[in-house]
Protein chains: 2
Amino acid sequence: MVSSIAELISDRIGAMPAGERRAAQTLIASYPLIGLKTVAEFSAAAGVSSPTILRFVARLGFQNYPEFQSTLQDELAAQLQSPASRTLNPPSQGASAVSPMLEATLDNMRETFRHLSDKQLADIVAKLADRRGKTFLIGGRFTDPLARYMAAHLAIIKPNVFHLAGQESVWRDRLIDMGKRDVLVIFDIRRYQDSLVRFAETANQRGVQIVLFTDQWLSPIARFARHVIAGRTAVPSAWDSSAALFVVAEALIGAVTRQLEADGAKRIRELESLR
Amino acid sequence: MVSSIAELISDRIGAMPAGERRAAQTLIASYPLIGLKTVAEFSAAAGVSSPTILRFVARLGFQNYPEFQSTLQDELAAQLQSPASRTLNPPSQGASAVSPMLEATLDNMRETFRHLSDKQLADIVAKLADRRGKTFLIGGRFTDPLARYMAAHLAIIKPNVFHLAGQESVWRDRLIDMGKRDVLVIFDIRRYQDSLVRFAETANQRGVQIVLFTDQWLSPIARFARHVIAGRTAVPSAWDSSAALFVVAEALIGAVTRQLEADGAKRIRELESLR
DNA sequence: CAAAATACGTAACATACGATACAGCGCTCC
DNA sequence: GGAGCGCTGTATCGTATGTTACGTATTTTG
């Protein structure tokens with residue numbers, strides 16, 4: 001039994017030619033709004049021609065476009081009247097392999113933020129928004145992308161942001177550039193990497209303020225860190241999840257940006273003009 | 001400020017003639033479904049003539065009937081896509097600057113997964129778990145870290161996983177290695193990068209299957225993609241959020257790992273012994 | 001109560017929308 | 001390498017749709 005058009009589409013999308021698949025994907029992406037518009041608008045949004053749209057709805061089993069739209073509308077009406085049943089993909093009697101993953105991830109985030117005080121975050125934001133010192137970011141094997149992500153954003157809104165990458169010897173030598181005014185953002189979840197711990201220890205000796213993103217069991221680097229963000233990482237998977245840390249990182253990026261804008265950063269305008 | 005058409009109607013319903021009032025009441029009764037149908041159907045449902053319906057929407061301030069319908073659709077889209085706005089009592093105690101960010105992110109994830117079918121994910125997992133072809137990953141300015149993150153995991157559980165990085169000319173030349181059996185995972189959210197689009201186009205011409213991670217507005221690469229994952233990116237911040245895509249990526253990594261383990265990957269054991 | 005004004009529906013109209021025929025192209029399979 | 005099939009877009013067509021003009025009905029007002 002196929003209850004919704006969305007299901008129907010995902011059932012058959014595999015057996016569709018390229019053009020119709022684009023139509024399907026476009027519809028799913030902003031379901032179901034585009035399906036309520038005219039064929040012309042639909043086709044334009046999907047980047048195909050109108051006949052392809054019509055063939056698409058025909059393949060779904062509808063006699064004509066208006067019939068397709070009516071069904072869509074009825075579906076919508078049913079949803080609106082019982083907000084409870086608003087799920088496109090019904091809770092799906094445990095068959096789904098990803099749903100528990102999502103649930104666990106959402107829980108992780110809520111838990112992570114519950115243990116983070118506004119004060120703590122505000123302190124970190126203040127430090128990161130300080131333009132006087134340099135900002136270094138580094139991560140472990142799986143978390144280095146998070147460091148990169150954060151660096152990519154921070155580098156735009158303030159000067160002297162450096163992501164430390166490549167061989168250990170390379171970034172170890174960068175310690176020479178680090179001093180009291182500077183910040184070192186480290187991502188390290190288990191299994192904690194010795195090289196990172198040693199790096200953090202040395203940096204700490206040089207007076208660098210360390211902001212540590214780690215898991216709830218705390219990397220040994222926590223000993224040297226000025227600020228510690230402990231994220232939940234447990235999910236029903238073979239791997240730990242860095243998603244909670246990722247979200248904290250995004251929240252910090254957003255807050256720092258706001259802070260620097262408030263301070264009157266003409267920097268961003270300058271950047272705009274450079275493009 | 002009148003935010004919804006429903007409010008607008010209840011504001012003015014007092015100053016309407018009998019026929020138009022019936023139209024208004026009919027619309028409110030099954031809001032907004034009937035307004036999406038044709039003038040003829042609307043008039044029949046309200047028991048008035050079509051011109052009365054048109055006069056009714058004209059009185060609401062719309063130039064013509066299609067404009068009225070578009071507005072209704074936009075309103076509907078806003079409702080459907082941000083479940084947050086449906087909650088009457090926002091989590092409040094709004095002192096926290098990060099809380100709205102978290103809420104929006106959680107919503108984004110729920111929405112993103114709501115638009116993803118198990119079938120769709122299963123297809124992608126099957127393709128990624130296929131050890132025969134090569135797997136290439138690449139991302140845009142801010143999303144490249146996601147590609148790295150995924151590559152870091154996939155490279156452990158299967159051979160021939162390559163993250164494309166560095167200068168454009170470097171990874172463009174890698175196209176020579178790509179063929180029909182291969183997969184290209186692309187992360188691209190707005191502003192979409194031309195270089196990536198061209199890259200995807202060429203790869204597609206070579207028969208590479210493209211898995212696209214993009215935002216809800218769909219990168220132009222969707223045209224060439226075999227599979228499209230549309231994540232929600234809107235958050236109360238100066239930046240778009242990639243968190244939802246990150247979580248999808250993690251879910252896929254987990255699923256692919258499980259799949260390959262089921263196939264009996266002695267690879268992981270081998271790796272263990274190498275350490 | 002009469003006269004005017006407003007409201008409403010019928011019917012004709014024009015437009016834009018969905019539908020269809022056809023040709024070009026690429027792909028697959030001999 | 002050639003023949004066949006399937007997919008896609010262009011151009012055209014018929015029609016359903018929104019729109020307007022006008023006459024009748026109903027209400028309002030002096």
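Each chain gets a letter, A, B and so on, in the order the sequences are listed, and its residues count up from 1. Bear in mind that the values here come from a model prediction, so they are computed numbers and not experimental data.
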Within residues 44-63 of chain B, residues whose heavy atoms come under 4.0 Å of DNA chain D: Pro51(B), Leu54(B)
Any idea which heavy atoms bring Tyr149(B) and His153(B) closest together, and the distance?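 Shortest heavy-atom separation between Tyr149(B) and His153(B) comes out as O-ND1, 2.9 Å.
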In Å, rounded to the nearest 0.5 Å, how long is the span from CG of Asp173(B) to CG of Leu175(B)?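 Answer for the CG-CG pair, Asp173(B) versus Leu175(B), is 8.0 Å.
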Quick one: pull up CD1 in Ile5(B) and CZ in Phe62(B) and give me the separation to the nearest 0.5 Å. 4.0 Å
How many whole angstroms separate atom [atom1] of [X] from atom [atom2] of [N]?
| X | N | atom1 | atom2 | value |
| --- | --- | --- | --- | --- |
| Glu20(A) | dG6(D) | CD | C1' | 11 Å |
| Met16(A) | dT8(D) | CE | C1' | 15 Å |
| Phe42(B) | dG18(D) | CZ | P | 11 Å |
| Arg21(A) | dT8(D) | CZ | P | 9 Å |
| Glu67(B) | dT17(D) | CD | P | 21 Å |

Show the numbers, then the answer: is there a side-chain contact (heavy atoms from CB on, under 4.5 Å) between Phe213(B) and Leu146(B)? CA-CA 10 Å; Phe213(B) 285 72; Leu146(B) 303 197; over 6 Å; no
Residue pair Gln120(B), Ser10(A): steps toward the side chain to side chain donor-acceptor pair (under 3.5 Å) verdict: CA-CA 6 Å; Gln120(B) 196 179 352; Ser10(A) 49; over 6 Å; no
Students should find that the nucleotides of DNA chain C closing off the region near chain A, any atom under 4.0 angstrom from a heavy atom, are dC17(C) to dT20(C)
State plainly whether the residues Lys119(B) and Asp123(B) are in salt-bridge range, i.e. N to O under 4.0 Å.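 Yes.
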Mind jotting down which residue pairs meet the salt bridge (charged side-chain N to carboxylate O under 4.0 Å, His left out) criterion with at least one end in residues 192-219 of chain B? Sequence neighbours excluded, please. Glu168(B)-Arg198(B)
Side chain to side chain donor-acceptor pair (under 3.5 Å) contacts touching residues 41-61 of chain B (sequence neighbours left out): Glu20(B)-Arg59(B), Thr38(B)-Glu41(B), Ser49(B)-Thr52(B)
Salt bridge (Lys or Arg N to Asp or Glu O under 4.0 Å), that's the test. Do Glu111(B) and Arg114(B) meet it? Break it down for me. CA-CA 5 Å; Glu111(B) 274 302 299; Arg114(B) 217 163 60 76; 2.9 Å; yes
Once you build an axis from the first five pairs and another from the last five of the helix from dC1(C)-dG30(D) to dC30(C)-dG1(D), how far apart in angle are they, to 10 degrees? 30°
Those residues at least two apart in sequence (or on a different chain) that pass side chain to side chain contact (heavy atoms under 4.5 Å, CB included) with Ala165(A) are Arg148(A), His163(A)
Starting at the 5' end of DNA chain C, which residue's closest nucleotide do you reach first, Pro66(A) or Pro17(B)?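 Closest to the 5' end, via its nearest nucleotide, is Pro17(B).
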Quick check with a 6.0 Å cut-off and a 45 degree axis cone: is Arg174(B) positioned over the face of Phe136(B)'s six-membered ring? no
